[in-house]
Amino acid sequence: MSPNSSTARCPGRRSWRLRRVRVRPGFFLRLIVLAYERDNPRRDELIAELYLVPRIERPFWVLQQLETALFEGLWQRIVCAVTDRTIYRWKLGSGVKYNRKHPDTSGSPTRSNARPLSPASSSRGRWCAGGSGVTKDGRWNGRVSRCAEHPGPDNYSKNAVRRGQYDEGLATDGSQDRYEGD
Amino acid sequence: MRKTHALIQVAIALLDDPTGRHWGYQLSKQSGVRSGVLYPILTRMLNECWVTEGWEDPATIKEKRSPRRYYELTDEGRIALGAILLEARRDTRFVGLPGLVGRSA
């Protein structure tokens with residue numbers, strides 16, 4: 001006799017199994033908090049709070065956290081991913097455009113200036129091409145250095161090129177390299 | 001910050017113990033605001049520097065659980081929330097809100 005048929009004949013056994021695989025709020029909460037960014041303190045906060053909630057209320061409390069996580073965590077992630085926002089309500093602008101407007105403030109190195117860069121080295125240009133989060137400054141350097149190892153337009157991020165976030169380092173009239181002699 | 005019923009209720013709960021530590025679940029119970037609304041309010045208060053946050057010292061925890069995050073009102077927060085409560089008492093939208101009447105801000 002197959003185990004399924006025995007379960008079908010014996011409803012008591014089925015309910016016993018259901019009771020064994022009972023709802024585990026802690027497990028579901030740990031899944032829910034994954035909606036928040038990895039460094040978001042809300043993840044640890046909610047898990048710590050759960051054990052102070054009376055047992056009977058826990059499933060409902062966890063469901064409430066699902067709502068919070070969807071609108072606070074997941075929504076924020078989507079907004080950041082779609083709009084290039086570094087932080088919620090902040091928008092990552094084009095460093096190239098800003099630098100063209102205010103040449104003395106910040107800049108992106110030319111390809112020739114980027115060539116000696118190695119991963120994690122500090123560079124004058126700090127503009128991140130696409131993505132979300134200020135932590136991607138370092139990645140920019142990594143990209144630049146990869147470009148330096150294998151020069152060529154294909155090594156630049158296609159999305160960044162599309163958005164015009166790579167700078168050739170030319171002066172506003174396009175005549176000279178802004179960073180020559182730096 | 002936009003004045004809502006939830007904000008007023010959270011402000012009342014925070015100002016019940018202006019110098020003490022407040023915990024998320026306890027605040028939710030005390031104010032009657034569900035956590036889906038409470039946590040975004042607390043985040044905005046943190047951004048406005050009305051509250052500071054901290055974590056329980058693990059050495060002081062006797063049960064087997066992880067340290068909790070607490071919130072403490074700053075001086076700026078006490079003034080700002082006091083002003084909000086004062087305005088709310090005059091606002092007809094908040095008439096009859098429990099805990100608001102008779103509270104000195």
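The figures that follow rest on heavy atoms only: side chains count, while hydrogens, waters and symmetry mates do not. Chain letters run A, B, ... following the sequence lines, proteins first and then strands; every chain starts at 1. None of the values given here were measured: they were computed from a predicted structure.
B:Tyr70 is not connected to A:Val53 by any chain of hydrophobic side-chain contacts under 4.5 Å among Ile, Leu, Val, Met, Phe, Trp and Tyr, and they are in different clusters. In terms of hydrophobic clustering, with Ile, Leu, Val, Met, Phe, Trp and Tyr side chains grouped at heavy-atom distances under 4.5 Å, A:Leu70 and B:Leu38 are assigned to a common cluster. When the side chains of ILVMFWY residues are joined at heavy-atom separations under 4.5 Å, either directly or via intervening members, A:Leu31 and A:Val62 end up in a single hydrophobic cluster. Residues A:Leu34 and A:Leu29 fall within the same hydrophobic cluster, defined by Ile, Leu, Val, Met, Phe, Trp and Tyr side chains chained together at heavy-atom separations under 4.5 Å.
Within a 6.0 Å sphere centred on CD1 of A:Ile56, heavy atoms belonging to other residues, nucleotides or ligands number 12 at most.
To the nearest 0.5 angstrom, A:Glu72 atom CD is 10.0 Å from B:Tyr39 atom OH. Atom OG of B:Ser28 and atom CD of A:Gln64 lie 6.5 Å apart (nearest 0.5 Å). Rounding to the nearest 0.5 Å places CD1 of A:Ile47 at 13.0 Å from CZ of B:Arg69.
Proximity to chain A (any heavy atom under 4.5 Å) is shown, for B:Trp23, by both the backbone and the side chain. In this structure, the portion of A:Leu46 lying under 4.5 Å from any heavy atom of chain B is its side chain and not its backbone.
Counting heavy-atom pairs closer than 4.5 Å to chain A, the top-ranked of the candidates B:Ser66, B:Pro67, B:Ser35, B:Gly24 is B:Ser35. Between chain A and the residues B:Glu56, B:Lys29, B:Arg34, the most heavy-atom pairs under 4.5 angstrom are made by B:Arg34.
Closest of all the heavy-atom pairs between B:Tyr25 and A:Pro54 is OH-CD, 3.1 Å. When all heavy atoms are compared, the tightest approach of B:Gly36 to A:Glu67 is CA-OE1, 3.9 Å. Looking at every heavy atom in both residues, B:Pro40 comes nearest to A:Thr68 through CD-CG2, 4.4 Å.
Side-chain N or O atoms of B:Arg68 include none that pairs as donor or acceptor with a backbone N or O of A:Leu52 at under 3.5 Å.
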